[in-house]
Amino acid sequence: YDKKRDQHHAEDVKLGQIFIERNMLMNHTANVIQFPNGEKYIVDVWKSLIDGKPAIYKQADWVKEWNTTLGGTPTVNINMF
């Protein structure tokens with residue numbers, strides 16, 4: 001175990017939120033984790049609570065699922081911290 005190496009990698013990970021919205025009443029939000037290689041994964045806490053199991057997606061898969069759920073052409077915004 002290389003604590004120094006792992007700590008360095010943890011510092012390169014970014015967190016944020018993703019929002020998908022069709023209108024004010026039809027929307028959803030989740031957490032974003034961006035790894036040093038640029039890959040973004042979505043941790044959907046609300047879906048996890050409903051399904052009773054972890055809901056972790058690649059960003060494109062999460063957007064595709066919620067586009068289908070919300071219908072129309074939802075707007076997607078990401079805010080990184």
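Hydrogens, waters and symmetry mates play no part in the numbers below; they use all other heavy atoms, side chains included. Values in this document were obtained by computation on a predicted structure and should not be read as measured data. Sequence positions, counted from 1, serve as the residue numbers for this chain.
With rounding to the nearest 0.5 angstrom, the CD1 atom of I42 is 12.5 Å from the CH2 atom of W66. Once rounded to the nearest 0.5 Å, the distance linking CD of Q59 with CD1 of I33 reads 12.5 Å. Taking CG of L25 as the start and CG of L70 as the end, the distance is 11.5 Å to the nearest 0.5 Å.
Using a 4.5 Å heavy-atom threshold, the side chains of Y41 and V32 count as separate. Side-chain contact between W62 and I20 is present, with at least one heavy-atom pair separated by less than 4.5 Å. Put simply, the side chain of K47 reaches to within 4.5 Å of the side chain of E65, judged on heavy atoms. Between Q34 and E39 there is no side-chain heavy-atom pair separated by less than 4.5 Å. Between F19 and T75 the shortest side-chain heavy-atom distance does not fall below 4.5 Å. Looking only at side-chain heavy atoms (C-beta outward), H28 and D44 come within less than 4.5 Å of each other. Two residues are said to be in side-chain contact when any heavy atoms from C-beta on lie closer than 4.5 Å; K40 and I78 meet this criterion. For the pair M26/E21, no side-chain contact is recorded, criterion being any heavy-atom separation below 4.5 Å from C-beta on.
A donor-acceptor pair under 3.5 Å is absent between the side-chain atoms of D51 and the main chain of S48, judged by distance alone. The main-chain N or O of P74 is never found under 3.5 Å from a side-chain atom of R22 such that the two would form a donor-acceptor pair.
Across every non-hydrogen atom of A30 and V43, the tightest pair is CB-O, 3.6 Å. Residues Q17 and N31 approach most closely at CG-OD1, 4.2 Å, considering heavy atoms.
Connection of F81 to F35 is established within a shared hydrophobic cluster, with ILVMFWY side chains joined at heavy-atom distances below 4.5 Å, either directly or through further cluster members.
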